[in-house]
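Here is the structure we will look at.
For the single chain, residues carry numbers from 1 onward in sequence order. Below, all heavy atoms of this structure are taken into account, side chains as well, without hydrogens, waters or symmetry copies. If you're wondering where the values come from, they're calculated on a predicted model, not measured in any experiment.
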Amino acid sequence: MYKGKIVLKNLTEKEMKDFLVSIGEKKFRGSQIFSWIYKNIRDFDEMNNIPKSLREKLKETSIIGNIDIELRLESEIDNTKKYLFLLNDGNIIETVAMEYDNRVTVCVSNQVGCRMGCRFCASTIDGLERNLEAWEILDQIMKVQEDLGKRVSNVVMMGSGEPLDNFENSKKFLELVNEENGLNIGYRHITLSTCGLVDKIYELADLEIPINIAISLHSPFDDERQEIMPVAKKYSIDEIIKVCNYYISKTNRRITFEYSLIKGKNDSDREAKKLVELLRGMLCHVNLIPINPIEERDFEKPDMEYINRFKNYLDKKNIPVTIRNSMGADISGACGQLRRKVK
């Protein structure tokens, strides 16, 4: 994509120093350039404490790595902003910023599109275009931070795409976003959402990076889950519960189970009881998500009576549970929907 050039935003500070040494420069220049990268510069000539000869060398060997805000929508009902970003190859992705309690949380995309095929999700309807590189995930946060003029405190990897289907770039992103002299966002302030790629969850657990993980469950029964999520044909619920316990043992982090409530599909007492059986005694939390209807599917949101009944049953059985607030409902709130409309 970049004709053999190094993308500087894809480098840790140590890697930046090593790169400078590799092109015949002093190591300390690496820290100077790293600092400039995190000031969101767009041109090498903005580096006013770097010799012109080095700036010219950098132009020949590297690019900074920038994506562009194509469109920004601002909710009139809450502090949610939705961004459409234009990538260097003409593809587009979307990112959401949510402000509450003096915190800014950014929901990043990991892929252009998605190949997981979950039936309630708009992101997957056109399939997977390509993986995002680590720096493209990182730059979503940097550009939102610059636009808002506020520090991003929390990151959720819940936008378009399956992070564990883009495992190496997701892993590199986690390294970059945690860099002390970069964005310096702590691992405990990062949540990765996955539809349940069991083998990759084991790999992630073995890295012992203490991020939070959210599992898209959506049904406690394998046959029901397979109707909603094709990935369930490969990984059973028993396998998911087993790997979640392994993840907890390696990271000591609580697991969140995302459960989209779909009218007439997975919102009955039968599902609630089975869910309690599965999760009893586990260090976990259930996030109930009344489904966001999308044009291409006929799923409907349950009545509030059913939503509250489901929640209350879990409460009574001592399963920590909340109903997720729907934020940004007036600005194409369903994941992937804005991108589809623009395309």
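Within 6.0 Å of CG in Asn252 there are 12 or fewer heavy atoms belonging to other residues, nucleotides or ligands. Surrounding NZ of Lys233 are at most 12 heavy atoms belonging to other residues, nucleotides or ligands under 6.0 Å away. Applying the 6.0 Å contact sphere to NZ of Lys14 captures no more than 12 heavy atoms from other residues, nucleotides or ligands. Applying the 6.0 Å contact sphere to CD of Glu208 captures more than 12 heavy atoms from other residues, nucleotides or ligands. Within 6.0 Å of atom NZ in Lys317, 12 or fewer heavy atoms from other residues, nucleotides or ligands are found, so the atom counts as exposed in its surroundings. The environment of CZ in Arg72 is crowded: more than 12 heavy-atom neighbours from other residues, nucleotides or ligands sit within 6.0 Å. In this structure, Arg151 places its CZ atom where more than 12 heavy-atom neighbours from other residues, nucleotides or ligands lie under 6.0 Å away. No more than 12 heavy atoms of other residues, nucleotides or ligands sit less than 6.0 Å from atom CG of Asn102.
For the pair Arg254 and Tyr247, the cation-pi test (distance below 6.0 Å, angle within 45°) is failed. Both the sub-6.0 Å distance and the 45° axial angle are not jointly satisfied by Lys59 relative to the ring of Phe44.
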* To do: I would like to know whether Trp36 and Asn49 meet side chain to side chain donor-acceptor pair (under 3.5 Å); could you show each step before the answer?
  => CA-CA 10 Å; Trp36 279 112; Asn49 63 344; 2.6 Å; yes
*asked:* If you apply the rule side chain to side chain donor-acceptor pair (under 3.5 Å), what do you find for Asp238 with Ser236, and how did you get there?
replied: CA-CA 5 Å; Asp238 284 347; Ser236 71; 5.3 Å; no
(Q) Determine whether Asn110 and Ser170 satisfy the following criterion, side chain to side chain donor-acceptor pair (under 3.5 Å), listing intermediate values before the conclusion. (A) CA-CA 7 Å; Asn110 275 77; Ser170 293; 2.9 Å; yes
(request) Under the side chain to side chain donor-acceptor pair (under 3.5 Å) rule, what do Glu94 and Ser160 come out as? Steps first, then yes or no, please. (result) CA-CA 7 Å; Glu94 58 190 43; Ser160 297; 4.8 Å; no
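A salt bridge does not link Lys242 with Glu239: every distance from a Lys NZ or Arg NE/NH1/NH2 to an Asp or Glu carboxylate oxygen is 4.0 Å or more. Classification of Lys82 and Glu74 as a salt-bridged pair fails, no side-chain N sitting under 4.0 Å from a carboxylate O. No salt bridge links Lys273 with Asp269; every basic N to acidic carboxylate O contact stays at or beyond 4.0 Å. Between Glu60 and Lys57 there is no salt bridge, since no side-chain N of the basic residue sits under 4.0 Å from a carboxylate O of the acidic one.
Two residues are said to be in side-chain contact when any heavy atoms from C-beta on lie closer than 4.5 Å; Phe310 and Leu288 meet this criterion. At least one side-chain heavy atom of Val156 sits less than 4.5 Å from a side-chain heavy atom of Thr105. Using a 4.5 Å cut-off on side-chain heavy atoms (C-beta onward), Cys107 and Met98 make contact. By the 4.5 Å heavy-atom criterion applied to side chains, Cys244 and Cys284 are not counted as neighbours. A heavy-atom distance below 4.5 Å is not found between the side chains of Tyr187 and Thr251. With contacts defined as side-chain heavy-atom distances shorter than 4.5 Å, the pair Asn181/Ser35 does not qualify. Side-chain contact between Gln32 and Ile50 is present, with at least one heavy-atom pair separated by less than 4.5 Å. Residues Asn308 and Tyr313 fail the side-chain proximity criterion, which asks for heavy atoms closer than 4.5 Å.
Under a hydrophobic clustering in which Ile, Leu, Val, Met, Phe, Trp and Tyr are joined whenever their side-chain heavy atoms come within less than 4.5 Å, directly or via other members, Leu275 and Ile319 fall into the same cluster. Under a hydrophobic-cluster definition in which Ile, Leu, Val, Met, Phe, Trp and Tyr are linked whenever side-chain heavy atoms come within less than 4.5 Å, directly or via other members, Ile6 and Trp135 are assigned to the same cluster. One hydrophobic cluster, built from ILVMFWY side chains closer than 4.5 Å, holds both Leu73 and Leu86. Clustering ILVMFWY residues whenever any of their side-chain heavy atoms sit less than 4.5 angstrom apart, transitively, puts Leu128 in a cluster other than the one holding Phe167.
Of the possible donor and acceptor atoms, none in the side chain of Asn287 sits under 3.5 Å from a partner among the backbone N and O of Glu258. In terms of modelled atom types and a separation under 3.5 Å, the side chain of Thr322 and the main chain of Arg324 share no donor-acceptor contact. No side-chain donor-acceptor contact under 3.5 Å links Glu129 to the backbone of Val112. A donor-acceptor pair is defined here as one N or O able to donate and one able to accept, closer than 3.5 Å; no such pair exists between the side chain of Glu227 and the backbone of Glu224. Asn40 places a side-chain N or O within donor-acceptor distance of the main-chain N or O of Met142, the cut-off being under 3.5 Å. In this structure, Asn91 contributes its side chain and Leu87 its backbone to no donor-acceptor pair below 3.5 Å. No donor-acceptor pair under 3.5 Å is formed between the side chain of Tyr83 and the backbone N or O of Ala97. In this structure, the side chain of His218 engages the main chain of Ser260 through a donor-acceptor pair within 3.5 Å. Judged by distance alone, with hydrogens and angles left aside, the side-chain atoms of Gln226 form no donor-acceptor pair with the main-chain N or O of Asp223 at under 3.5 Å. At distances below 3.5 Å, at least one donor-acceptor pair connects side-chain atoms of Gln111 with backbone N or O atoms of Glu162.
Among the candidates Lys143, Arg130, Lys172, the single residue satisfying the salt bridge (Lys or Arg N to Asp or Glu O under 4.0 Å) test with Glu136 is Arg130.
Side chains of Tyr100 and Asp78: no donor on one and acceptor on the other come within 3.5 Å. Inspection of the Glu271 and Asn266 side chains reveals no N or O donor paired with an N or O acceptor under 3.5 Å.
The two residues Glu13 and Ser31 have their closest heavy-atom pair at OE2-OG, 2.8 Å. The minimum heavy-atom distance linking Ser109 with Ile93 is given by the pair CB-CB, 4.3 Å. Taking every heavy atom of both residues into account, Ala134 and Asn10 meet most closely at CB-OD1, 3.3 Å.
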